[in-house]
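Remarks on the structure that follows.
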There are 2 protein chains.
Amino acid sequence: MAQPSKKNHIVEVALCLFYKHGFNATGIEKIRAEAAISKKTLYNHFASKDDLILAVLRLRDVQFRRNFTRAVEHFGKTPAKRLEAVFDALEEWFNGKDFYGCMFINASGEFSDPCSPIHSISAEHKRRMYDYVMKLAKEAGAKNPQKLSQQLNLLMEGAIVQAHVSGYKLAARRAKEMAKLFINDALG
Amino acid sequence: MAQPSKKNHIVEVALCLFYKHGFNATGIEKIRAEAAISKKTLYNHFASKDDLILAVLRLRDVQFRRNFTRAVEHFGKTPAKRLEAVFDALEEWFNGKDFYGCMFINASGEFSDPCSPIHSISAEHKRRMYDYVMKLAKEAGAKNPQKLSQQLNLLMEGAIVQAHVSGYKLAARRAKEMAKLFINDALG
DNA sequence: TGTTAAGTGTACTGAACGGTTTATATTGAA
DNA sequence: TTCAATATAAACCGTTCAGTACACTTAACA
């Protein structure tokens, strides 16, 4: 197997294990075994476990936003509908077979120091989600896209937490109903 | 030192360390050292680390809700105002010196299996918060206390996540402004 | 075909993990 | 004052941790 595909494979395997079991609970040895590689190879590609975690979070950010925007475009056929579709995309995610909450919220929980690069990359992901929803708001002609995106993102976070901690997948629909008020207000 | 106070002391010390550094990242030895006790004593009071974690979460639930209701009553002098004061209480918490997000959200992130007793106790805490806000809603004469509590709790979770992951403490005020819409609608 | 880079399994490091054991000291109540 | 419970420090258990060292194999390429 060539170099980049091997590196990608390690990151993908690590992503699954870190997401399901957490970062500190997942050992390098488990990742090595699951990826069916040697430890030497792993440390040829990543300087340390933290370095691997950062690579995993960078991949997760790209993968998640790619899937998310795809779902939003699937559920919302007009710019205005896409703002609501954000919550349909959430609901689909919640009901998927491997939902363990938001990986970046989980990462921030394990690495509470806001200066830690792991915490920082989590904040960056949230910022990119904010930017994405703001773009949707602009396209829909919202009066104050920043404000609307801030509001919708807050509802999104709330839904994610309720879906994960309490298993309340319907939080996506509750959040969508709430969101309609702010969307209508911003577009009206 | 008598038995119950010693046991309490261990739980309080463990609470601080678990909250700040996470559960899997905090070793028994660190707790033992910080509490200035022997390992034997620790294992006389707790069967295992998981047992200690559960005791810590039970204490956190009681302490947190006690402080929270106190703050709500401080910021809100009428039943209707107390519904809004929930977010003033959040803001005060966010700006405190030791804020590392919601310990139960963090716990659910590290113990993703919803059947795990640690995850279950986190869901129970959220349920008690829901019950508390519903009580406030009833006292304020809300039309549909369950629905209003569900809405406010979703906003609360969203604010907590933004405050912790992104360091956006103002999320409490943003959530409060959003909450007013639902409160006014329910009380109107 | 010989060189080089990247792969492999295995063994190893020192430290930390959760948890137990032992032998001793302290302490409160009968 | 004695007894029993509970505390203590420290050594110890086997396991796992992140990370390294080594000897060997594979495969692409000049």
Side-chain angles (χ1 to χ4, degrees), chain A residues 1-58 106-107 109-113 116-119 121, chain B residues 1-58 106-107 109-113 116-119 121:
Chain A
M1 201 183 296
Q3 310 162 27
S5 85
K6 188 140 254 169
K7 183 167 183 173
N8 285 348
H9 177 240
I10 296 171
V11 177
E12 281 163 13
V13 166
L15 171 46
C16 279
L17 293 173
F18 282 144
Y19 184 41
K20 190 175 295 192
H21 302 110
F23 298 94
N24 284 305
T26 303
I28 286 289
E29 168 58 25
K30 201 172 289 174
I31 295 167
R32 186 212 61 78
E34 188 82 10
I37 50 146
S38 71
K39 237 173 177 181
K40 181 79 180 298
T41 304
L42 199 155
Y43 279 101
N44 276 348
H45 289 297
F46 305 98
S48 64
K49 186 184 180 181
D50 276 19
D51 191 33
L52 175 58
I53 292 176
L54 289 176
V56 163
L57 291 177
R58 278 189 282 264
N106 297 349
E110 287 202 57
F111 303 91
S112 278
D113 179 6
S116 134
I118 294 172
H119 197 119
I121 215 169
Chain B
M1 202 184 295
Q3 310 161 29
S5 85
K6 189 141 251 167
K7 183 167 184 176
N8 285 348
H9 177 241
I10 296 171
V11 178
E12 280 164 14
V13 167
L15 171 46
C16 280
L17 293 172
F18 283 143
Y19 184 42
K20 189 174 296 190
H21 303 110
F23 298 94
N24 283 306
T26 303
I28 286 289
E29 169 57 25
K30 201 171 290 174
I31 295 166
R32 185 212 62 78
E34 188 82 9
I37 49 144
S38 73
K39 239 173 176 182
K40 182 77 184 300
T41 303
L42 199 156
Y43 280 100
N44 276 348
H45 289 298
F46 306 98
S48 64
K49 186 184 182 181
D50 276 19
D51 192 32
L52 174 59
I53 292 176
L54 289 176
V56 163
L57 291 177
R58 278 189 282 265
N106 297 349
E110 287 202 57
F111 304 89
S112 278
D113 179 6
S116 133
I118 293 172
H119 198 118
I121 215 170

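What's counted below: heavy atoms across the whole structure, side chains too, no hydrogens, waters or symmetry copies. Per chain, numbering begins at 1; letters A, B, ... match sequence-line order.
Atom C1' of nucleotide D:dC17 and atom CG of A:Leu42 are separated by 14 Å, given to the nearest angstrom. Between A:His45 atom NE2 and C:dT8 atom C1' the separation is 13 Å, expressed in whole Å. Spacing between atom CZ of B:Phe23 and atom P of C:dG18 amounts to 13 Å, rounded to whole angstrom units. One interatomic measurement links the two molecules: CD1 of A:Ile53 to C1' of D:dG19, which rounds to 14 Å at whole-angstrom precision. Between B:Tyr43 atom OH and D:dC12 atom C1' there is a gap of 14 Å when expressed in whole angstrom units. Distance B:Lys49 NZ to C:dA16 C1': 11 Å, rounded to the nearest Å. The interatomic distance linking B:Asn44 (CG) with C:dG19 (C1') rounds to 13 Å, in whole Å.
Under the ring-ring contact (aromatic ring centres under 6.0 Å, His included) criterion, A:His119 pairs with B:His164, not counting sequence neighbours. Take A:Tyr19 and apply the ring-ring contact (aromatic ring centres under 6.0 Å, His included) test, not counting sequence neighbours, and it matches A:Tyr100. In terms of the ring-ring contact (aromatic ring centres under 6.0 Å, His included) criterion, A:Phe46 has no residue partners (sequence neighbours excluded). A:Thr41 meets the side-chain hydrogen bond (donor to acceptor under 3.5 Å, both in side chains) test with A:Ser38; sequence neighbours excluded. Residues satisfying the side chain to side chain contact (heavy atoms under 4.5 Å, CB included) criterion with B:Asn44, sequence neighbours excluded, are B:Lys40. Checked against salt bridge (charged side-chain N to carboxylate O under 4.0 Å, His left out), A:Glu34 has no partners two or more places apart in sequence or in another chain. Under the rule for a side chain to side chain contact (heavy atoms under 4.5 Å, CB included), the partners of A:Ala35 that lie at least two apart in sequence or sit in another chain are A:His9, A:Val13, A:Ile37.
Taking the side chain as every heavy atom from C-beta outward, B:Phe23 and B:Ile118 never approach each other to under 4.5 Å. Side chains of B:Phe18 and B:Ile31 form a contact here, defined as non-hydrogen atoms less than 4.5 Å apart.
Pairs of residues two or more places apart, or lying in two chains, that qualify as side-chain hydrogen bond (donor to acceptor under 3.5 Å, both in side chains) and include a residue from residues 22-33 of chain B are B:Asn24-B:Glu110, B:Glu29-B:Arg32.
Remark: A:His9 is not in phosphate contact with C:dG7, judged by side-chain N or O atoms under 4.0 Å from OP1 or OP2. Here A:Lys6 does not reach the OP1 or OP2 of D:dA27: none of its side-chain N or O atoms lies under 4.0 Å away.
Looking at residues 30-41 of chain B, you'll see B:Ala36, B:Ile37, B:Ser38, B:Lys40, B:Thr41 sit with a heavy atom under 4.0 Å from some atom of DNA chain D. Within residues 10-22 of chain A, no residue has any heavy atom under 4.0 Å from DNA chain C.
Rotation axes derived from the C1' atoms of the five outermost pairs at either end of the helix from C:dT1-D:dA30 to C:dA30-D:dT1 lie 0° apart, to the nearest 10°.
In the set C:dG18, D:dG19, D:dC17, D:dC17 carries the atom at the smallest distance from any side-chain atom of A:Glu29.
B:Ala55 and B:Val11 get closest at one heavy-atom pair: O-CG1, 3.8 Å.
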